[in-house]
Amino acid sequence: MTKKTSIALLIGSALFIGGCSDGKDGKDGEDGASGGGGEPGTSGLHIDMAAEAIANINNAVYSDGIITLDFELENKEGVGLYGLSAENKFHDFRFSLAQLQSTEGTELKQWFSLLNATTNEDGTTFEQGFESIADCNECLVDHKDGTYTYTFSTNLTTADDAAGIVFDPALTQRIAIEMQFEYDSGHELAENAHYDWIPATNATEGVETRDLVTLETCYSCHQPASLKAHGGRRLDMENCQSCHNGLVTDPNAISVELGHMVHAIHMGENREGKNAEGNIVPMPYTIAGYGGDHAFDYPAFPTKPFMDCATCHVEDETLADKDLWLANANANACTGCHTDSPAQHNSNKNPELACTDCHQVDHRKFNKPYESAAAYDAVFENVKVENGAISFEVKALDIEGATVSGLSHKIYKYTAPVVQVSWNVEKDGAIGDAMADSSPWAREIEFLRPTTTNPSPEHELPDNGVMTVTAKDMGIPDGVSVELMPIFSICFDAQGADVDCASDKVAGSAYIKSEPHRINMPTDDKGNAVARRAILDEAKCRDCHSAEIRHKDNGLVACEACHTSDQGLQDDTVDGVKQFRGAGFAWKVHKASGHYMNKKYGGSGTVMKTDCATCHVTDSNGNVDGIELGRASEGRTYVFPASKTDGTPMYASADSGACMTCHWGHESDAMLSHFKSNGGYYGPVKADAIIGTAEEACAVCHSPAKLMEVHNK
């Protein structure tokens, strides 16, 4: 058909239709039947698409033995996560119950789990049981917006608890959530939440608690990753408390109550007890787990004094029961450390026994010497540096400003009154080759009492406590900054007063924490004295190590004054060859086994060394700024063992050496070549002519921020 013909037919059709119409509209049709009920719509994000999940229990209701709770899941932006399902194989989502029971007439209170299950064939040992959404499809209701309702299938009034615990709605009850999704892709979602309330009254405010410690306090030593227990399922202190309660043990009836377990684990290799014959033998805490028996027989609590309970039991006003550990130490907690005669006391079988019923001991007494020493000081007078020699007088002062007797200064093995002399302290204490022997012993002035074996020590410690040095030649260059670091340990009695170290009144000793005496210090453009660069945050070290980090402890500055980067020791012998090992501060800190989380390389499983913010100084935003590259011009020299069978040392320039303090032992030819091609040095020669003139280009690519990005993965 042609175009004209098509148009004509269309026009004709329109006229024909118009001609047949009477101009009236037809009747409306009948209404259709109502549609069936559809599924409610969704709001938010499907939980399988979430990068993280945050859980909150909003409400709980108790009626006729049944608990029903409302909870919500959301991501960190507050978007609700819907889609939790009993039918999804990845959705491992559980609920537990525990109640807080008190012992009449005492202050003892303890969580006891409900829904308990037996762990041995005889049915005499128990663990906390759970309800899982996978076991009860109809118990969970998904409201499709990130909110859910769960109804427990267990009737608490009729259920026969395996451990005989009777539910009491008038007591504080805790509902705890544990979720851990492990997808085939490797992605994981894990979260805990809890809800404390009294079912009989629905009260949530002012309910009885048992809050002695916080998880944040644990983080002062532990990295969060090291406390993700049971494969990452247990994250919150409240979940730990309700599960590791006064009832549960391993299949061998060894208590895993939280107080007992924590004390026992942290005793580590120091835990002892009596065997069947009454002999004291090592008795590391050993528990049977799903992977077999595990003994905590390695160093586990680096604090000194060892009994510094305040490391964990901090003065935190947010803790309702912060002083409960002083008022009533229950048997489970005590026998965690004290295993002398548990059979005699029957304390490991009687959680209602309070050891303080008979034993009135305040563990804080072990801190008394350190508290006293903190108020003492060391004062230098008549300090002179002339022709490479130094002269001065120094004395320790008590809290009243009186001179401490020389008899109160402790002398034992390597402990004696010492003044460590350093120079060029604004360059991180770099000594260089200014003296023939730059070892710490050559820069250490030790004061000793005359003895039959040493009747005339070079520097005497007189009874009046005033120590004098006259023109000791140390090869100090002219005009350089000089630092005198006092390292004095004082003997104290039980009341915290200094006493004669030979007296039977000595309760302990502690180092004075006194600022070093400095002269000839350079100043910055504001006129402020420039001293050592702030590298480590001492408060972070004290959080874990407490009052005394190591020997001769007058703070980290004393560590840096002695353990300069070029220091090493030759004392171990392998195959008849005397071994050389690094003794510089960075080497000792980075290589310490307790500072490395990876157990594969001898780590503790506690501290993630690659998270440099654990120890290093950070700015107000939490960024590490205690790391600095490009310091080669200062002449810093790092020293390393050459091999495990060769006693000769190797040396490295500043930036290369700093990296090697961590990476030594895993170095490769490619790594060493990378150092060299970028201006670094690693070799057998210790000489400023080689190392001091190295111009390393590490800082061009490796800023502290980039280092953190790489190491924290």
Check your understanding: Are any of the side-chain heavy atoms of D316 and T214 separated by less than 4.5 Å?
Key -> yes

Revision key, fill the gap. Between V262 and H266 the two heavy atoms that sit nearest each other are O-ND1, 2.8 Å

Check your understanding: Nearest heavy-atom pair of E548 and Y511: which atoms, and what distance?
Key -> OE2-CE1, 3.6 Å

**Study point:** Minimum heavy-atom distance A416-L448, with the two atoms named
**Key:** CB-CD2, 3.9 Å

Point to revise | side-chain contact (heavy atoms from CB on, under 4.5 Å) evaluation trace for M485 with N554 | key: CA-CA 8 Å; M485 171 60 68; N554 184 9; 3.2 Å; yes

Exercise for review: Please lay out, stage by stage, how E444 and K552 fare under the test salt bridge (charged side-chain N to carboxylate O under 4.0 Å, His left out).
Suggested key: CA-CA 12 Å; E444 186 177 87; K552 301 185 177 181; 3.0 Å; yes

**Study point:** side-chain contact (heavy atoms from CB on, under 4.5 Å) partner of L484, chosen from V385, V394, V421, I445
**Key:** V421

Review point. Is there side-chain contact between D537 and H616, with at least one heavy-atom pair below 4.5 Å?
Key: no

Point to revise | Close side-chain approach of W423 and R443, heavy atoms under 4.5 Å | key: yes

Review point. Would the number of heavy atoms belonging to other residues, nucleotides or ligands and lying under 6.0 Å from NZ of K304 be above 12?
Key: no

Review point. If only atom types and distance count, is the side chain of T415 paired as donor or acceptor with the main-chain N or O of I411 below 3.5 Å?
Key: no

Review point. What's the spacing between K513 NZ and D553 CG if we round to 0.5 Å?
Key: 4.5 Å

Check your understanding: With a 4.5 Å limit on heavy-atom distance, are the side chains of K395 and V404 in contact?
Key -> no

**Study point:** Nearest non-hydrogen partners of L461 and P417, listed with the distance
**Key:** CD2-CG, 3.9 Å

Point to revise | Plane angle bin for F492 and Y376 - parallel if under 30°, tilted between 30 and 60°, otherwise perpendicular | key: perpendicular

Review point. Is it true that E460 and R449 make a salt bridge, defined as a side-chain N closer than 4.0 Å to a carboxylate O?
Key: no

Exercise for review: Compare every heavy atom of E483 with every heavy atom of V557, then report the nearest pair and how far apart it is.
Suggested key: CG1-OE2, 3.8 Å

Practice item. Would you please say whether a donor-acceptor pair under 3.5 Å links the side chains of S514 and D377? Key: yes

Practice item. Check whether any side-chain N or O of K472 sits under 3.5 Å from a backbone N or O of S391 as a donor-acceptor pair, and report yes or no. Key: no

Check your understanding: Between D498 and K410, is the closest basic N to carboxylate O distance under 4.0 Å?
Key -> no

Point to revise | Partner of V314 by side-chain contact (heavy atoms from CB on, under 4.5 Å), out of V213, T217, L212 | key: T217

Check your understanding: So do P641 and W587 actually touch side chain to side chain, heavy atoms under 4.5 Å?
Key -> yes

**Study point:** Test item: H545 side-chain N/O and C541 main-chain N/O as donor-acceptor pair under 3.5 Å
**Key:** no

Review point. Just by modelled atom types, is the S489 backbone N or O under 3.5 Å from a matching donor or acceptor in the S509 side chain?
Key: no

Check your understanding: Under 3.5 Å, side chain of R542 to main-chain N/O of A547, donor-acceptor pair present?
Key -> yes

Check your understanding: With a 4.5 Å limit on heavy-atom distance, are the side chains of E696 and F675 in contact?
Key -> no

Practice item. Quick one: sort the F447 and F392 rings into parallel, tilted or perpendicular, breaks at 30° and 60°. Key: perpendicular

Point to revise | SG atoms of C491 and C501 less than 2.5 angstrom apart | key: yes

Review point. Does any N or O in the side chain of S653 come within less than 3.5 Å of the main-chain N or O of S656, such that one atom is a donor and the other an acceptor?
Key: no

Check your understanding: Crowded around I399 CD1? As in, over 12 foreign heavy atoms under 6.0 Å?
Key -> no

Check your understanding: Checking D524 side chain against G527 main chain: does a donor-acceptor pair fall under 3.5 Å?
Key -> yes

Check your understanding: Can R533 and E426 be counted as an ion pair, charged N to O under 4.0 angstrom?
Key -> no

Point to revise | Heavy-atom closest pair, residues S422 and V425 | key: CB-CG1, 4.0 Å

Practice item. Take the angle between the ring planes of H363 and H338 and call it parallel below 30°, perpendicular above 60°, tilted in between. Key: tilted

Point to revise | Derivation and outcome, side-chain contact (heavy atoms from CB on, under 4.5 Å), residues T618 and K540 | key: CA-CA 11 Å; T618 54; K540 295 178 180 179; 3.7 Å; yes

Point to revise | Sub-4.5 Å side-chain heavy-atom contact between L536 and F585 | key: yes

Review point. Are side-chain heavy atoms of P649 and F640 found at a separation under 4.5 Å?
Key: no

Practice item. Would you check if the side chain of H263 reaches a backbone N or O of C337 as a donor-acceptor pair within less than 3.5 Å? Key: no

Review point. Does the C544 SG fall under 2.5 Å from that of C221?
Key: yes

Practice item. Go through the steps for N528 and T523 under the test side-chain contact (heavy atoms from CB on, under 4.5 Å), then give the verdict. Key: CA-CA 5 Å; N528 300 315; T523 57; over 6 Å; no

Check your understanding: When you look at E269 and F301, which way does the side-chain contact (heavy atoms from CB on, under 4.5 Å) test go after all the steps?
Key -> CA-CA 10 Å; E269 62 182 355; F301 199 45; over 6 Å; no

Exercise for review: Using a cut-off of 6.0 Å, state whether more than 12 heavy atoms not belonging to N387 lie near its atom CG.
Suggested key: no

Check your understanding: Is a side-chain donor or acceptor of N520 paired with a backbone partner of S481 at a separation under 3.5 angstrom?
Key -> no

